[in-house]
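Below is one structure, written out as structure tokens; the observations come after it.
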Amino acid sequence: MLTRIDHIGIACFDLDRTVEFYRATYGFEVLHTEVNEEQGVREAMLKINETSDGGASYLQLLEPIREDSPVGKWLAKNGEGVHHIAFGTADVDGDAAAIRGKGVRVLYDEPRRGSMDSRITFLHPKDCHGVLTELVTSAPGPRAEH
Ligand code: V0V
Ligand code: CO
């Protein structure tokens, strides 16, 4: 069951400048940054609020580390902006299988590693009315903050 907005993924050309915009304008602070080689991004997670299922909602700011990555290709075509939305679930495997059974393309056979050791998969935007949609199960235990 999808129980929250886990994050909104925002593509940007310059992560540091974009982080500074969110800090200076709204007061949002960076909880976590990492490079995800497989996904081709350098990212910052800004925690917006905690949620009733024990998780949280974030903004995920994404800078491509390669032009031929999903975010690099998308930025070249569209410029900066909202790249994807991510729903949180305790069971990404089960929810992805159920959604695949409804005829929506799930991009990965098995969930892959996402931010803060979460497990993630994606639904094809062309099957979701133009919205690249991610499903996320957070890593168990306290979140790494660095
Ligand atoms: C592409 N399209 C999109 C889109 N990206 N539509 C809405 N939102 C997006 N973000 C459209 C694009 O305009 C084309 O439509 C069509 O899909 C095919 O796009 P393409 O440019 O030819 O690109 P593809 O087909 O090579 O790749 C598109 C997919 C790719 C969605 C398959 O971006 C992908 O695998 N995404 C999942 C991984 C990802 O996004 N990773 C970065 C975030 P027209 O022009 O044909 O109409 S990593 C992350 O979120 C992490 C680590 C985390 O949360 O922890
Ligand atoms: Co994401």
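For ligands, and for the atoms within them, numbers begin at 1 and follow the listed sequence. Note: hydrogens, waters and symmetry copies are ignored here, and every other heavy atom, side chains too, is used. Being a predicted model, the structure only gives us computed values, none of them experimental. For reference, positions follow the sequence shown, starting with 1.
The closest approach between any non-hydrogen atom of A86 and ligand 1 is not below 4.0 Å. Distances shorter than 4.0 angstrom occur between a heavy atom of Y108 and an atom of ligand 1. In this structure, M116 falls outside the shell of residues with a heavy atom less than 4.0 angstrom from ligand 1.
One finds an angle of 100° at the Co ion (ligand 2) between NE2 on H7 and NE2 on H84, to the nearest 10 degrees.
Nearest-residue assignment for atom 44 (P) of ligand 1 (options H129, E38, K126; heavy-atom criterion): K126.
Looking at ligand 1, you won't find any N or O of S118 less than 3.5 Å from one of its N or O atoms. The N/O atoms of Q39, backbone and side chain alike, include one that comes under 3.5 Å of an N/O atom in ligand 1.
There is a path of hydrophobic side-chain contacts, each under 4.5 Å, that joins I48 to V30. Placement of F21 and L62 in two distinct hydrophobic clusters is found when ILVMFWY residues are connected by side-chain heavy-atom separations under 4.5 Å, directly or transitively.
Side-chain atoms of E134 and H7 form a donor-acceptor pair, as typed in the model, at a separation below 3.5 Å.
Within a 4.0 Å radius of atom 25 (O) of ligand 1, the protein contributes no heavy atom. The protein reaches atom 47 (O) of ligand 1 closely, with a heavy atom under 4.0 angstrom from it. The nearest protein heavy atom to atom 16 (C) of ligand 1 is closer than 4.0 Å.
Without hydrogens or angle criteria, T137 side chain to T89 main chain gives a donor-acceptor distance under 3.5 Å. Without hydrogens or angle criteria, D6 side chain to A86 main chain gives no donor-acceptor distance under 3.5 Å. Side chain of Q39 to backbone of G114: no donor-acceptor contact under 3.5 angstrom is found.
Protein heavy atom closest to atom 32 (C) of ligand 1, with residue, atom name and distance, is L107 CD1, 3.9 Å. Looking from atom 51 (C) of ligand 1 to the surrounding protein, the closest heavy atom is Q60 NE2, 3.5 Å.
Taking 2.8 Å as the threshold, E134 counts as a candidate ligand of the Co ion (ligand 2), since one of its N, O or S atoms lies below it. The Co ion (ligand 2) lies at 2.8 Å or more from every N, O or S atom belonging to S115.
The aromatic rings of F28 and Y22 lie parallel to each other, their planes meeting at an angle below 30°, with 60° marking the opposite boundary.
Atoms of ligand 1 found under 4.0 Å from any heavy atom of G114 (numbered from 1 in listed order, with element): 55 (O).
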